[in-house]
Amino acid sequence: MTITLKIQTPDVDTYLRLRVESGLSGYGREAAEIGLKNSLYCVMLYDGDEAIGMGRLIGDGGCFVQVTDIAVLPAYQGQGLGKRIMAALTAHIESAFPPSTYVSLIADVPANALYAQFGFEETAPRSLGMARRAGRKGIA
């Protein structure tokens, strides 16, 4: 099995399928069409020609960026592929945005442990909202 990572925005059908099949909530087609066009940066994982994972950065690209849509199909989970997606997104965060950019995400448990490896910290006692600043780990 050779898994390849591509800098690529998923098409609407692939996006909707990967979200649902990986266990994330679904979205309507119209929302996905609008949202995907406004992505700042996207990566996808492929096993051959099959899309098996993705991740996106959204936001204004200056003050605020959000990590979203980290998805890996169940058959491929537990193989470090989420970490591979996050490493690619983090590399882009560090190279493309000003150091003061506020980068945030909403983490499902236990994925918060993955995000913590990339410098994200919990932001509130009751929620698992996590944040970091580009250019350094942590929010301080």
Side-chain angles (χ1 to χ4, degrees):
M1 165 176 77
T2 301
I3 306 298
T4 56
L5 184 138
K6 296 181 182 179
I7 299 167
Q8 177 183 15
T9 303
D11 63 62
V12 173
D13 290 328
T14 301
Y15 173 78
L16 295 172
R17 178 182 64 82
L18 285 174
R19 281 196 58 89
V20 171
E21 290 182 12
S22 68
L24 301 176
S25 60
Y27 282 104
R29 174 171 287 283
E30 181 182 15
E33 288 171 353
I34 293 167
L36 289 171
K37 283 185 220 171
N38 289 302
S39 300
L40 296 174
Y41 185 78
C42 302
V43 297
M44 296 186 63
L45 289 177
Y46 287 89
D47 183 357
D49 293 332
E50 181 188 2
I52 61 159
M54 66 178 175
R56 291 194 314 139
L57 299 176
I58 62 173
D60 65 20
C63 295
F64 301 98
V65 170
Q66 185 174 30
V67 176
T68 191
D69 297 322
I70 306 301
V72 176
L73 293 179
Y76 295 88
Q77 291 175 5
Q79 301 175 34
L81 298 176
K83 187 180 281 191
R84 192 166 167 192
I85 291 168
M86 281 302 298
L89 295 179
T90 301
H92 187 75
I93 289 165
E94 297 302 326
S95 67
F97 304 120
S100 62
T101 301
Y102 187 82
V103 183
S104 64
L105 58 83
I106 301 298
D108 294 330
V109 175
N112 57 312
L114 167 66
Y115 304 132
Q117 294 175 39
F118 292 91
F120 289 86
E121 300 173 354
E122 293 187 21
T123 57
R126 283 190 42 165
S127 70
L128 291 177
M130 302 174 76
R132 65 167 295 193
R133 299 227 183 239
R136 63 183 182 269
K137 294 183 178 177
I139 57 175

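The shown structure was predicted, so the numbers you read here are calculated from the model rather than taken from an experiment.
At least one side-chain heavy atom of Val67 sits less than 4.5 Å from a side-chain heavy atom of Leu57. Looking at Leu24 and Asp108, their side chains come closer than 4.5 Å, going by heavy atoms from C-beta outward. No side-chain heavy atom of Thr14 sits less than 4.5 Å from a side-chain heavy atom of Met54. Residues Ile93 and Phe118 fail the side-chain proximity criterion, which asks for heavy atoms closer than 4.5 Å. Annotation: side chain of Leu105 is not in contact with side chain of Ile70 (no heavy-atom distance under 4.5 Å). Proximity of Arg84 to Ile3: side-chain heavy atoms (C-beta onward) are separated by under 4.5 Å at one or more points. Counting heavy atoms from C-beta outward, Asp47 and Leu73 have side chains that stay 4.5 Å or more apart. Residues Lys37 and Thr9 fail the side-chain proximity criterion, which asks for heavy atoms closer than 4.5 Å.
Contact between Arg56 and Gly35 at its shortest, heavy atoms only, is NH1-O, 3.1 Å. Nearest heavy-atom pair, Leu16 versus Tyr27, reported as atom, atom and distance to 0.1 Å: CD2-O, 3.2 Å. Of all the heavy atoms in Gly61 and Phe97, the pair that sits closest is O-CD2, 3.3 Å. For the residue pair Ser22 and Arg19, the shortest heavy atom distance occurs at OG-O, 3.2 Å.
Here the straight-line distance linking atom OG of Ser39 with atom OH of Tyr15 works out to 8.0 Å at 0.5 Å rounding. Within the model, atoms OG1 of Thr90 and CZ of Phe120 stand 6.0 Å from one another, a figure rounded to the nearest 0.5 Å. Atoms CG and CG, from Leu40 and Asp60 in turn, are 8.0 Å apart once rounded to the nearest 0.5 Å. Tyr115 OH to Lys83 NZ: the interatomic distance, rounded to the nearest 0.5 Å, is 13.0 Å.
Sparse packing is recorded around CD of Glu30, with 12 or fewer heavy atoms of other residues, nucleotides or ligands lying under 6.0 Å away.
Of the options Asp11, Ile58, Val12, a side-chain contact (heavy atoms from CB on, under 4.5 Å) to Leu36 is made by Val12 and by none of the others.
In this pair, Tyr41 and His92 present their aromatic rings parallel. The plane angle is below 30°, not in the 30 to 60° band.
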